[in-house]
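Naming convention: chains lettered A, B, ... in sequence-line order (proteins, then strands); numbering from 1 in each chain. Just so it is clear, the structure is predicted and the values come from calculations on it, not from any experiment.
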Amino acid sequence: MSQSDAPGFDEPLVNYESMLEDHLEESLEELEKTEYSTDLGIMMAADARRVSNGELSSAEYWEKYDEAALAEFGEEYARTPNPAVDRVQQTIREETAETLSCDACSLPDVAEDVDEEPAEDDHIPQWGMVIDLQKCVGCESCTTACKAENRTPPGVSYNVVMEQEHGEFPNVTRTHMPRPCLQCQNPPCVQVCPITATYKMDNGITTIDYERCFGCRYCLVACPYGARYFDFGEDYDDEFDEEGKVEVPEYGNKRSLEDTTGQAMKCNYCHHRLERGEEPACVETCIGDARYMGDLADEDSEVAEMASDQRAFRLKEEQGTDPNMYYLK
Amino acid sequence: MSTRSYQFGFEDGRVRVGWYAIIAVGLLVGLYGLYVRLTTGLLETNLTATVPWGTWVAFYIYFVGLSAGAFLVSAMANVLGMKSLHVIERDALFVAVISMIVALLFIQADLGRVDRSFNPLFHRQGMSVLSWEVHAYALYIGVLAGELYFSMRKDLVTVSETGSGIRATLAGLLTLGRTDTSPESIQTDRKWLKRLGILGIPLAIFFVHGGTGLLFAVNHSISYWHTGVFPVIFIISAVVSGLGLVIALYVARSKFFGDHLSRELLAGLGKLLGVFILIDIGLKALDTIVGLYGMSPGKVETWYLIVFGENAWAFWLMVLFAWLIPLTILSRRTWRWSPRMMVVAGLSVIVGVIGTRFVIVVPALLVPDMDGMPAGVYAGTAEEWILSAGFIALGALIYTVGAELLPLKPLEDDH
C-alpha cells in the first residue's frame with residue numbers, strides 16, 4: 001500500500017514506508033488466523049491511517065465501517081467503547097452510541113472514570129429532613145401525598161401532622177408539626193426486632209423486610225415517635241384490581257391484599273423515589289416549601305446548613321435516638 | 001406380680017363430669033375464637049398502631065409468670081431441700097410446663113404472621129431482648145420437662161410394672177426405657193433433678209420472667225415501664241401467682257382426688273404467699289413514688305389512666321384480689337390453717353394477678369407518644385376474650401388429664 005502522496009519529510013518517509021510494508025505482510029498473516037474477515041480488517045486499517053493523516057474525518061470513517069463492523073463482530077463490538085473516536089467532536093452516531101449502551105464520550109473520559117479514586121464516588125449520603133415549622137400551614141398535603149404515593153392501608157399513615165394550640169384568646173397561636181419517620185441514627189425499632197426484619201441502611205434510612213417480619217409489633221412499642229404502623233388486615237378494597245392487586249411503588253411491584261398483612265410498616269423516605277433521584281412525595285408536594293430533603297453527611301448541603309441553624313431542634317433527644325430529622329422552630 | 005389399679009383422678013364421678021363439662025364449654029367457645037382468628041387475622045381485635053399489644057400479650061406475660069412462679073415453688077422443694085414441699089413438687093413442675101405452653105399459644109395468636117413464628121430461631125438479633133427470650137423459653141421448657149421426668153421416673157416405673165390399663169401403658173412410655181429402680185439409679189435421678197433445678201432457678205428468675213419484664217422495661221419510649229425495678233416486680237408478682245396456683249391445686253387435689261392434705265404445709269405456703277404479696281406491694285409502691293416524684297408527664301398520665309381510666313378495672317382487680325382479700329385471709333392464723341379459706345386466697349391471687357398483667361400492658365400504651373398524636377383506646381373484643389378462654393380451657397384440660405393419669409403426687413409419702 002502506497003503512502004507516497006502523504007505529506008512529510010522526504011528522506012525518513014521512505015524508511016517508515018518500508019517498515020510499514022514489512023509490518024503489513026506480517027499483519028496479513030495475523031489477520032488470516034482469526035475467524036473475522038481479513039479484507040475488512042485491511043480496509044479499516046488502511047482508512048484508519050488516512051484518518052490519522054487527516055485525509056479522512058473520523059465521522060466519515062465510522063459512516064463507512066460502523067455497519068460492516070457491527071455485522072462482522074456482533075455483540076462484542078457493540079459493547080466495546082470505540083477508541084478511535086475523535087477526541088474533540090463526539091462523532092459516534094447516536095444510534096451507534098445507543099447500541100454501545102454507553103454515554104457518548106471519548107476513551108480518555110472513560111479512562112478517567114475508571115481511574116477515579118473509588119472513595120469519592122462511594123460517598124454514602126445520610127438522608128435527612130428539615131421541616132420549617134414557620135412555613136408549615138398544616139394543610140396535610142404531605143399526609144395525602146404519602147397515602148397516595150405509598151397506597152398505605154387504613155390506619156397506616158407514614159406521615160401525620162400534629163397540631164397544638166397555645167395561649168388563650170385573643171393571644172392564640174397554633175403549631176403544626178409534621179412527623180414522618182425520623183430515620184434515627186440509633187433506631188430503637190431496629191434494636192428490639194428479634195429477627196432483624198427491620199434494619200438500617202448505610203444511607204441512613206430504616207426499612208422493613210416484608211418477607212421476614214412476623215408481626216410481633218415490638219417495634220411499634222419501642223418507637224418513641226409513634227412512627228411505626230401495622231397492617232392489621234384492613235384495605236381499601238376498591239383500590240385493588242380484579243386480581244386483588246394494587247400498584248405500589250414502595251414494594252417495587254404490585255402489592256396484593258396479603259403482602260403486608262400482619263406486618264409492621266413504616267416510612268422509608270419514599271426510597272423508590274430517592275433511587276430515581278426524586279424527593280419523597282411529602283417533600284415534593286409541600287405547598288409552603290416547608291420540607292427539605294438532603295444529604296446531612298454533605299456539610300455544604302442545604303439541609304446540613306439548616307440543621308446547624310439556631311432555630312433547629314430535634315424531637316426527644318434525651319432518648320438517644322439521634323434522629324436525622326430536624327425542625328426549625 | 002399382682003396388678004394394682006392406680007386411681008389418681010377424681011373420686012366422685014359427678015364432679016369429674018361437671019369439671020370436664022366446664023372445660024368443654026371453654027374449648028368450644030375458644031374453638032370459635034380460633035376460627036375467627038384464623039380466618040380474619042387480627043381484624044377482629046381492638047389493637048391499633050397506638051395500642052399494639054393488648055389482651056393476648058397480657059395473658060402471655062400472665063402465664064409466663066404463673067409458670068416461673070410455680071417452678072420456683074418446686075425449686076424450693078428440690079434445691080433448697082424443703083422436704084415438706086416434695087409432695088407438691090411434681091404438680092408445680094407439671095403446671096409450670098402447661099403454663100408455658102399456654103403462654104406460647106397466646107403469643108402465637110398475637111403474631112401477625114403465625115406462619116413465620118419460627119423466624120426467631122433462624123434469624124437471631126443479639127440486641128433484641130425478645131430474641132433472647134425465645135431461646136430462654138425453649139431452654140426453660142426443656143429444663144421443666146427434664147425435672148418432671150427425673151422427679152417422677154421411679155413412680156412411673158412402679159405404675160408401669162404393677163399397674164394396668166392406660167395409666168400403666170402411658171407410664172411405661174414416659175420412663176423412656178429407663179426402668180432401673182436400684183438405689184443408685186434413684187440417686188442419679190435426684191442428682192440430675194438438683195442439677196436441672198440449679199440451672200432452672202436463674203433461668204426462671206433472670207431470663208424467663210425477669211427477661212419478660214426486661215422486654216418491657218428496656219423501652220425508653222414508654223416511661224412507665226422504663227425503670228430498673230420493673231423486671232424485679234415481674235418476678236415477685238410471678239411468685240405470688242405461682243404460689244396461689246400451687247395452693248389452690250393442693251387443696252383441690254385433696255378435696256376432689258382424695259390426696260392427703262397437710263395443714264401445716266398449707267399454712268406454710270400461706271405465710272410465704274403473704275410475704276411475697278407484701279414485697280410485691282412494697283416494690284410497686286417504691287416504683288410509683290420514684291415515678292410520680294419527678295412529675296414526668298408520661299408517668300403521671302399513665303398512673304391517672306391506671307387508677308381512673310377505662311381500664312381501671314385491672315388495677316382494682318389487682319388491689320382487691322391480689323392484695324387485700326388474700327392478705328386479709330392470710331393475716332389470721334386460723335384461716336391459714338383452713339383449707340377452705342386458703343383455697344379462696346389462692347384463687348383470689350390467681351384472678352388478681354391477671355389484673356396486674358393488664359395494668360402493665362394496656363394503660364401505658366394508651367398514652368400517646370407525643371402531644372398532638374391520637375390517644376389510644378383499648379378494650380379487648382369478645383373475639384379476643386373467647387380465644388383466651390379457649391387457651392385457658394386447653395391448659396385446664398391438659399392439667400386435668402395429666403393429673404388423672406400420672407403419678408404427680410409421690411406414691412410413697414416419705415418420698
K.L.:
Checking heavy atoms, do the side chain of B:Trp132, its backbone, both or neither come under 4.5 Å from chain A?
P.N.:
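Interface part for B:Trp132: neither.
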K.L.:
Quick one: of B:Val114, B:Val57, B:Leu215, who has the most non-hydrogen atom pairs under 4.5 Å with chain A?
P.N.:
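Winner by heavy-atom pair count: B:Leu215.
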K.L.:
Could you tell me if A:Thr207 and A:His271 have a donor-acceptor pair between their side chains, going purely by distance under 3.5 Å?
P.N.:
no
K.L.:
Under 4.5 Å heavy-atom distance to chain A, tell me which part of B:Asn219 shows up: side chain, backbone, both or neither.
P.N.:
side chain
K.L.:
Can you spot which of B:Trp385, B:Trp53, B:Phe391 makes a ring pair (Phe, Tyr, Trp, His ring centres under 6.0 Å) with B:Phe59?
P.N.:
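That would be B:Trp385.
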K.L.:
Decide if the gap between the ring center of B:Phe216 and the ring center of B:Phe234 is smaller than 6.0 angstrom.
P.N.:
yes
K.L.:
Side chain, backbone, both or neither: which part of B:Val134 has a non-hydrogen atom closer than 4.5 Å to chain A?
P.N.:
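Contact with chain A involves no heavy atom of B:Val134 at all.
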K.L.:
Is chain B contacted by the side chain of A:Arg228, its backbone, both, or neither, given a heavy-atom distance below 4.5 Å?
P.N.:
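Backbone only.
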K.L.:
Using non-hydrogen atoms only, which part of A:Thr175 is less than 4.5 Å away from chain B: side chain, backbone, both, or neither?
P.N.:
neither
K.L.:
Quick check on B:Ile107 against chain A: is it the side chain, the backbone, both or neither that has a heavy atom closer than 4.5 Å?
P.N.:
neither
K.L.:
Can you tell which part of A:Gln164 gets under 4.5 Å to a heavy atom of chain B, answering side chain, backbone, both or neither?
P.N.:
side chain
K.L.:
With only heavy atoms counted, which part of B:Leu365 is less than 4.5 Å from chain A, the side chain, the backbone, both or neither?
P.N.:
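Only the side chain of B:Leu365 comes within 4.5 Å of chain A.
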K.L.:
Hey, what's the ring geometry for B:Tyr224 with B:Phe230, parallel, tilted or perpendicular (30° and 60° as the breaks)?
P.N.:
perpendicular
K.L.:
Could you tell me whether the side chain of B:His226 and the main chain of B:Ala217 form a donor-acceptor pair under 3.5 Å?
P.N.:
yes
K.L.:
Any luck finding a side-chain donor-acceptor pair between B:Tyr304 and B:Lys299 under 3.5 Å?
P.N.:
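No, because no side-chain N or O of B:Tyr304 sits under 3.5 Å from a partner of the opposite role on B:Lys299.
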K.L.:
Relative to chain B, which segment of A:Val156 carries a heavy atom at a distance below 4.5 Å: side chain, backbone, both, or neither?
P.N.:
neither
K.L.:
Between B:Ile222 and chain A, which part of the residue has a heavy atom less than 4.5 Å away: side chain, backbone, both or neither?
P.N.:
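Side chain only.
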K.L.:
Non-hydrogen atoms of chain A under 4.5 Å away: do they reach the side chain of B:Leu121, the backbone, both or neither?
P.N.:
neither
K.L.:
Using a strict 4.0 Å threshold on nitrogen-to-oxygen distance, state whether A:Arg291 and A:Glu284 make a salt bridge.
P.N.:
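No, this pair does not count.
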K.L.:
Going by side chain to side chain contact (heavy atoms under 4.5 Å, CB included), A:Tyr225 matches just one of A:Cys184, A:Cys181, A:Cys189. Which one?
P.N.:
A:Cys184
